[in-house]
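Quick note on labels: first sequence line is chain A, next is B, and so on, each numbered from 1.
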Amino acid sequence: MAHGFNLYNTAGTLIMNIGDAGGVFVERLVIAVGSTSTKTYNADARFSGRVLRVIQIGAGSHDYTLTTSGGYPHLTWTARATHPTDYRRATTLFVFAT
Amino acid sequence: MSYGFLVETDAGKLLVVDDYLIPWFVGKGTAGSQGAFFDSGGDHERSIVAFSIPGSGQRMLAWTIPVDSNAVWYQLPSNLDSGSSINMFCYRAVGSGLSYTTPECYVFDMDTAPTASGGYGMQVFKADGSLIMDSGSPPFSAHSIITHTIPTTGATTSGLPAKPGFVVPQLDKDVLTSTGALTSDLEAYAGVYRRPTSTTLSSDQKWYHFEGVDSGTTVTVQRGVLSGQSIAVINAANYD
């Protein structure tokens with residue numbers, strides 16, 4: 001690190017490093033069963049020029065894509081139409097911004 | 001942000017924003033013993049290890065994936081909404097007789113303010129006065145973020161720390177094949193991961209369960225998206 005911010009604990013272990021990849025968790029997003037239309041999670045001006053990423057922490061019946069519109073990242077999802085109703089589940093995502 | 005506290009990485013990525021709680025390390029999961037392999041009706045059988053999970057509320061789980069040239073695969077939950085235990089599964093081909101190493105589990109609280117240590121160090125507060133970071137409660141920090149597609153064989157993961165921990169996407173699949181007007185055979189698959197070497201990561205869906213069900217339909221139900229997701233990687237040694 002040439003300059004900037006690192007955080008150490010009292011044992012001298014580096015616990016936050018500006019050389020890391022970074023990422024701030026901004027939302028735990030639950031897409032409910034029955035969310036069949038296309039919807040979006042909209043980042044706002046704070047995230048202009050940032051990148052949204054997701055970790056799918058609960059597998060469910062939705063496709064989703066990350067797009068950018070108006071300079072802000074968006075997460076768009078839709079239910080997968082081929083799923084029989086009996087087998088649909090909610091999808092749960094950790095959304096984080098870098 | 002017009003005021004407050006924001007830290008970026010060297011590469012200009014967000015590291016701390018005072019609007020958002022940073023998941024913080026509450027401890028490691030305590031592994032029980034490896035269960036006998038079961039579910040040998042598919043092409044893979046599996047073994048359970050029950051983990052006791054510290055903390056409460058919603059927690060994120062990062063796992064070490066033991067390096068093993070043998071084809072043992074791990075199904076690793078990345079989230080616990082409530083409660084204090086969770087199961088990890090290891091898969092092996094039926095008849096292979098392979099053994100495996102139990103992974104380590106690192107638990108991060110996503111819900112509640114970190115424990116205020118006070119006295120020294122650094123704290124960051126939200127505008128409403130709630131604590132979002134305390135240097136006495138090690139914050140989650142993604143060393144790397146891997147964009148991953150399932151299945152992948154031996155994706156190179158160079159540049160990872162010596163002891164990486166992974167927060168992995170979840171998925172499963174049911175394959176139903178009609179065997180009559182009202183009956184079907186069901187094959188159940190799960191999304192699994194392995195590290196054949198210290199610099200590669202593989203993923204797949206393994207068939208582990210078979211049963212006859214009342215259905216009569218032929219359909220494949222995939223739950224979860226197979227590409228375009230992220231795997232967050234921590235430097236697990238920082239939390240030991």
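The aromatic rings of B:F140 and A:F25 sit perpendicular to each other, their planes meeting at more than 60°, with 30° as the lower class boundary.
If you measure heavy-atom distances from B:P23 to chain A, the contacts under 4.5 Å come from the side chain alone. Contacts between B:D111 and chain A at a heavy-atom distance below 4.5 Å are absent for every atom of the residue. The contact between B:L176 and chain A is made entirely by side chain atoms (from C-beta outward), counting heavy-atom distances below 4.5 Å. Within the 4.5 angstrom heavy-atom criterion, atoms from both the backbone and the side chain of B:V167 approach chain A. Only the side chain of B:V219 comes within contact range of chain A, with heavy atoms under 4.5 Å apart. When heavy atoms are compared at a cutoff of 4.5 Å, B:I22 approaches chain A solely by way of its side chain, counted from C-beta outward. Contacts between B:V168 and chain A at a heavy-atom distance below 4.5 Å involve the backbone alone (N, CA, C, O). Residue contact with chain A, scored on non-hydrogen atoms closer than 4.5 Å, is absent for B:A237. At a 4.5 Å heavy-atom cutoff, the contact between A:I55 and chain B is made by backbone and side-chain atoms alike.
At distances below 3.5 Å, not a single donor-acceptor pair connects side-chain atoms of A:Q56 with backbone N or O atoms of B:Q229.
Interface summary for chain A: among B:L226, B:I145, B:L171, B:N235, the most heavy-atom pairs under 4.5 angstrom belong to B:I145. No other option in B:M133, B:Q58, B:H148 has as many heavy-atom pairs under 4.5 Å with chain A as B:Q58.
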